[in-house]
Amino acid sequence: MHILILGGTTEARALAGLLHGTVRVTSSLAGRVASPRLPAGEVRIGGFGGVDGLVAWVRQHAVDAVIDATHPFAERISFNAARAAATAHVPLLALRRPGWVPVDGDRWVSVPSLDAAAGALDGLGDRVFLTTGRMGLAAFADRPEWFLVRSVDAPDAPMPARTEILLDRGPFTLDGERELLARHRIDVLVTKDSGGAATAPKLTAAREAGIPVVVVHRPPVPEGVPVAATPEEAAAWVATRPGESRVR
């Protein structure tokens, strides 16, 4: 059995580790990070060239099932995967970590997009901690606030005129996030609802400091695609697929 994992996330690496040695696993990484953490098993890096390219790759490499374990905001590849799986007649599962849920004391402003997040900053603060990644900074390019932008790799222009870049990779600690907010005098946080524990401490630190948080909703999983919340659930799904559960 050959499983294609569309990956790049912590959950994708964990799933590859669970499946490796039991079935043949190929993890596909988009190649947007300069030095990605590689999972167990076979790895390919780079795009497929759209739906047709993904269909061709699945057929050429005799893929038995596809697991979309990409970032919750990787909307294009998720919809391409759904169309390609339907065309190639292979089952598809989405692996999505649960989203964050506000608790007492949170001051969240929920918005549907990065453009809406930029508009929501009016009156919230003057020093923004922007943790939406290096893609999409153009939405904030015309904002007058000062921005601390944290990302794994250096972002490209356009970006806000008053910007400091912090290159770092999670997981992050609560003490570290508290210190960062205090040191940079942050008074508003902007984040995507990526979920998971690796970057959640910033939400706790913001709650403790009474800082408002602009949260961008994640896009929906394509209609009709089953969802697993954990790598273990996804591995159990693979175990139920027909075929030989051995490396080939």
Side-chain angles (χ1 to χ4, degrees), residues 8-10 13 29-37 70-76 97 99-100 102-103 105-219:
T9 60
T10 300
R13 290 191 298 274
L29 310 182
R32 292 179 177 175
V33 176
S35 299
R37 295 171 177 169
T70 56
H71 192 276
F73 282 83
E75 186 173 11
R76 178 178 296 179
R97 67 188 79 147
W100 291 318
V103 301
D106 281 328
R107 298 174 56 197
W108 284 16
V109 178
S110 296
V111 296
S113 66
L114 288 176
D115 287 338
L121 290 176
D122 291 337
L124 285 184
D126 297 314
R127 298 182 65 83
V128 182
F129 184 23
L130 187 59
T131 64
T132 56
R134 67 187 183 91
M135 311 295 289
L137 293 188
F140 303 88
D142 295 330
R143 296 297 310 185
E145 296 86 0
W146 178 89
F147 286 83
L148 176 66
V149 175
R150 182 166 69 190
S151 63
V152 175
D153 294 318
D156 298 322
M159 65 181 70
R162 302 169 60 210
T163 296
E164 179 176 333
I165 305 299
L166 174 61
L167 299 183
D168 204 354
R169 187 200 304 258
F172 302 103
T173 66
L174 179 55
D175 285 342
E177 299 292 61
R178 287 168 174 158
E179 190 276 334
L180 185 148
L181 295 183
R183 172 161 44 94
H184 292 281
R185 307 190 311 280
I186 299 298
D187 53 17
V188 59
L189 168 66
V190 179
T191 187
K192 293 177 177 178
D193 179 17
S194 55
T199 60
K202 64 190 173 187
L203 301 174
T204 302
R207 183 190 317 126
E208 292 177 349
I211 293 172
V213 182
V214 179
V215 181
V216 181
H217 295 162
R218 60 172 64 178

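No hydrogens, no waters, no symmetry mates; every other heavy atom, side chains included, goes into these values. Since the model is a prediction, treat every value here as computed from it, not as a measurement. Count residues from 1 along the sequence.
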Below 4.0 angstrom, N of the basic side chain to O of the carboxylate: do Glu177 and Arg150 qualify? yes

Sub-3.5 Å donor-acceptor pair from the side chain of [X] to the main-chain atoms of [Y], do we have one?
| X | Y | answer |
| --- | --- | --- |
| His184 | Ile186 | no |
| Arg169 | Val152 | no |
| Asp193 | Arg218 | no |
| Arg162 | Pro144 | yes |

Point-to-point distance, once rounded to the nearest 0.5 Å, from [atom1] of [X] to [atom2] of [Y]:
| X | Y | atom1 | atom2 | answer |
| --- | --- | --- | --- | --- |
| Leu130 | Ile165 | CG | CD1 | 9.0 Å |
| Thr131 | Leu180 | OG1 | CG | 10.5 Å |
| Phe73 | Thr132 | CZ | OG1 | 9.5 Å |
| Leu181 | Lys202 | CG | NZ | 10.5 Å |
| Arg134 | Asp156 | CZ | CG | 6.0 Å |
| Leu29 | Arg13 | CG | CZ | 9.0 Å |

Hits for side-chain contact (heavy atoms from CB on, under 4.5 Å) against Ala200, two or more places apart or cross-chain, chain-then-number order -> Trp100

Run the side chain to side chain donor-acceptor pair (under 3.5 Å) test against [X] and tell me which residues pass, sequence neighbours left out.
| X | value |
| --- | --- |
| Thr9 | none |
| Arg97 | Glu11 |
| Glu208 | Arg178 |

Give me the atom names and distance for the closest heavy-atom approach of [X] to [Y].
| X | Y | value |
| --- | --- | --- |
| Val188 | Gly125 | CG1-CA, 4.3 Å |
| Gly133 | Ser151 | C-CB, 4.3 Å |
| Pro112 | Ala116 | CD-CB, 3.7 Å |
| Ala117 | Val190 | CB-CG1, 4.2 Å |
| Val213 | Ala206 | CG2-CB, 3.7 Å |

All pairs passing side chain to side chain donor-acceptor pair (under 3.5 Å) where residues 137-149 contributes a residue, at least two apart: Asp122-Arg143, Arg143-Glu145

Intermediate values then yes/no, side chain to side chain contact (heavy atoms under 4.5 Å, CB included), Thr191 and Leu203: CA-CA 9 Å; Thr191 187; Leu203 301 174; 4.3 Å; yes

Do the non-hydrogen side-chain atoms of Pro212 and Leu189 ever get within less than 4.5 Å of each other? no

Mind jotting down which residue pairs meet the ring-ring contact (aromatic ring centres under 6.0 Å, His included) criterion with at least one end in residues 119-144? Sequence neighbours excluded, please. Phe140-Phe147

My understanding is that only one of Leu114, Thr163, Val149 makes a side chain to side chain contact (heavy atoms under 4.5 Å, CB included) with Leu137; could you say which? Val149

